[in-house]
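Let me begin by presenting the structure, written as structure tokens, before commenting on it.
Every chain is numbered from 1 and lettered A, B, ... according to where its sequence line falls, protein lines coming before strand lines.
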Protein chains: 2
Amino acid sequence: MKKTLREVAKAAGVSVTTASTVLSGRVDLYRAATVHRVLKAAEELEYRPNLLAKALVQQRARTLGLVVERHQGLLSRNPYIIPIMDGILDYLIPREYSLVLISLQESSEETMSQRVFNSSIDAGIVVAPLEDSPLLQWHAHSPLPVVFVGCMSQETDAGACVDVDNEAGMRSLVEWLYAQGHREFGFMGGSQKQWSARLRKQSFLNVLLDYGIPARQEWMVEGDYTYDAGFWAGEQLLSASRLPSVVVVSNDLMAVSFMELCRAKGIVVPDQLSVTGFDGIDLGQHTSPTLTTVSQPLHEIGHIAAEWLLKGIDSGERVHGRKLLAPRLEIRESARVIQ
Amino acid sequence: MKKTLREVAKAAGVSVTTASTVLSGRVDLYRAATVHRVLKAAEELEYRPNLLAKALVQQRARTLGLVVERHQGLLSRNPYIIPIMDGILDYLIPREYSLVLISLQESSEETMSQRVFNSSIDAGIVVAPLEDSPLLQWHAHSPLPVVFVGCMSQETDAGACVDVDNEAGMRSLVEWLYAQGHREFGFMGGSQKQWSARLRKQSFLNVLLDYGIPARQEWMVEGDYTYDAGFWAGEQLLSASRLPSVVVVSNDLMAVSFMELCRAKGIVVPDQLSVTGFDGIDLGQHTSPTLTTVSQPLHEIGHIAAEWLLKGIDSGERVHGRKLLAPRLEIRESARVIQ
DNA sequence: GTGAAAGCGCTAACAG
DNA sequence: CTGTTAGCGCTTTCAC
């Protein structure tokens, strides 16, 4: 059924070594006639190399693992992962690497070891783990290269992370809002276990501080980045004695549901209340009003993560470094000028 | 560094065979003491089996491939794939199978063989290939089990497909529109190379026929399921001498951009024109107006495809059969009653 | 109950 | 230039 190298070698009348070498492209080592016989035999037999065997002997699976925790629900509920996947794949495909999806239902150390380090991957990309995730202790469990996306690894300098510059993004957004005349800021954050949520909140507060604007407690609420959170955290915020002029929401998904809540309550966005998001997911372009937000170069993040890992795999050197990519302020309809 | 079975065996003072057998769970074959020694050694050495080696010897990689063509662009542009992936993963994870993503930039027979059959998968799930895709000739190239999603395989009875019942879905939608008083139907189809697009269009026409409503040519346009197509195919439709009362769009993505086009042109949906979609992607719930559509049980489709394949792999029998899942009519805001 | 031996399909020294 | 030899780490008859 499935043809092996040995059969090709036999058909070509050469040794397995010769067949292997020729088929791996080092063609100049052999006589043209030999090369030709091998190539022809392989062609005729429709030979397909067994990558498993190759991986075993070379100790290299040519496969990366994309590890996502599912505390936030399914992939469908984490729309920002998809463009990252595209970026990874675009880099991997021409280099003949594969991507396996590792989705952790619960991320105990146990499951992590089982599912992540048992899988035959050469390296991993970990997306947005929570602060207490065992995934952050990756290197304590495995020598495999890893790049963290959407967070900074705890480890002093051993880790590698690529992320959007959350601080710069939040700053540019708030400064822009200030320039539009906003002076009363509400904020809906994400779980403080989420690295990006902490940074965004901190940065928001810093900018307010710079402007000498006090952060009013009843306008500060905390959700968990999920669609549902926009509603329940939103309810809390809207119950304040008075509304701010703008609510800065820490991610797009919550911003979208928060806008829906506003509509349901008869609060017109942006006329009565401005709302902004963060991430730049596609959805924000289709809501009404469209969402003013800070967009992440997600495709590029995936690309860079993959690039670093392949380099690390090839060189055998540890992958480390931190790269913060520039965010882009997307000015759309959900935030308005205050006279 | 990485511990092997041999080291475990040595540490436990048993043979590799014994260690292998014990660790594979057939514990009753050995003396309790032996079992215990092996287990303890494995634990202490933090032994992780090399799945590559296991796969090689068992001729089973415990991996499924999700194959998508990229004629429609990146994954980010095919939002319906994500819930399918979730469905597959939910089935695979507890069964210790992995999922690798195979995204074909161009699907010549060449790349298909290279990328699909070269990858170490035990079976494949092919999502919505075009009519002329070599992927449909899967069995001519490989004995591996495959399930087609979102299309029927050409092969007489050899193939396996799971899909939403496009005909029933379209019928229920059009019948509902008729019941709302609509008599003038426009239609924006997908590429006729796409199986689902053909079915949906045919079914649409059939229902009109049943009602004795003529299909007016200037109200029939064809896009290609992409976001952009909603605009260009939409332009064409809106240039008709007169507008229908409703435009039935063949997928949600085009319906969304078509609604945006209408808004840009000052045509109020649904007051001046009703619009409906098909697929039930999340986006449709967040547009304004929200999109009336026919939703597919995508998670279930993924689940069933994975289930069939694992059964096929285990039994060694060819996977075949066709399963059409019931669609659900989602009545939202974009289509209205005609007095 | 347990172990020796063979081999999955391939690559990589090392001879010749 | 080409072939022989030795494994990669594991499972699996088949003896003992």
Note to self: Any side-chain N or O of B/Tyr30 below 4.0 angstrom from OP1/OP2 of C/dG3?
What the structure shows: no

Note to self: Under 4.0 Å from OP1 or OP2 of D/dG3: is there any side-chain N or O of A/Ser15 that close?
What the structure shows: yes

Notebook entry, point to check: If you pin B/Leu51 and A/Val57 to their nearest nucleotides in DNA chain D, which one's is more 5'?
Noted result: A/Val57

Next item on the list: Using a heavy-atom cut-off of under 4.0 Å over every strand shown, decide if A/Val14 touches base, sugar-phosphate, or nothing.
Entry: sugar-phosphate

Next item on the list: Ignoring backbone atoms, test whether A/Arg6 places a side-chain nitrogen or oxygen under 4.0 Å from the OP1 or OP2 oxygen of C/dG9.
Entry: no

Notebook entry, point to check: Start at the 5' end of DNA chain C and walk down; is the nucleotide closest to A/Ser24 or to B/Val35 reached first?
Noted result: B/Val35

Checklist line | B/Arg62 CZ - C/dC8 C1' separation (whole Å) | finding: 17 Å

Check: Are B/Gln59 and D/dT11 close enough that a side-chain N or O sits under 4.0 Å from OP1 or OP2?
Finding: no

Notebook entry, point to check: In terms of the nearest nucleotide of DNA chain D, which residue is placed more toward the 5' end: B/Thr21 or B/Ala53?
Noted result: B/Ala53

Margin query: Distance check needed: C/dA4 P versus B/Leu5 CG, whole Å only.
Written below: 14 Å

Checklist line | Side-chain-base donor-acceptor pair under 3.5 Å for B/Thr34 and C/dT2 | finding: no

Next item on the list: Would you indicate, yes or no, if C/dG3 has its OP1 or OP2 atom less than 4.0 angstrom from a side-chain nitrogen or oxygen of B/Thr18?
Entry: yes

Check: Any sub-3.5 Å donor-acceptor pair from B/Glu300's side-chain atoms to B/Leu325's backbone N or O?
Finding: no

Notebook entry, point to check: Using a cut-off of less than 4.0 Å, is there contact between a side-chain N or O of B/Gln58 and OP1 or OP2 of D/dC10?
Noted result: no

Note to self: Distance check needed: C/dG7 P versus A/Lys2 NZ, whole Å only.
What the structure shows: 21 Å

Item checked: Matching residue for B/Leu64 among B/Val100, B/Leu92, B/Leu144 - test: side-chain contact (heavy atoms from CB on, under 4.5 Å) -> B/Leu92

Check: So, A/Thr21 side chain and A/Thr17 main chain: donor-acceptor pair closer than 3.5 Å or not?
Finding: yes

Check: Expressed in angstrom and rounded to an integer, what is the separation of A/Leu29 atom CG from C/dT11 atom C1'?
Finding: 14 Å

Notebook entry, point to check: In whole angstrom, what separates A/Arg37's CZ from D/dT2's P?
Noted result: 8 Å

Next item on the list: Return yes if a side-chain donor-acceptor contact under 3.5 Å exists between A/Arg6 and A/Thr4, otherwise no.
Entry: no

Item checked: Distance in angstrom units between B/Arg26 CZ and D/dT11 C1', rounded -> 9 Å

Margin query: Over 60° means perpendicular and under 30° means parallel, so tell me whether A/Phe117 and A/His141 are parallel, tilted or perpendicular.
Written below: parallel

Next item on the list: Could you pull out the closest heavy-atom pair between A/Phe148 and A/Val146, with the gap in Å?
Entry: CE1-CG1, 4.0 Å

Margin query: Taking atom types as they are modelled, would you say the side chain of A/Thr17 forms a donor-acceptor pair with the base of C/dA12 within the 3.5 Å cutoff?
Written below: yes

Margin query: Can you tell me which nucleotide in C/dG9, D/dT12, D/dG9 comes closest to the side chain of B/Ser20?
Written below: D/dT12

Check: Roughly, in whole Å, what's the span from CG in B/Leu52 to P in C/dT11?
Finding: 13 Å

Notebook entry, point to check: Tell me: NZ of B/Lys54 to C1' of D/dT11, nearest whole Å?
Noted result: 9 Å

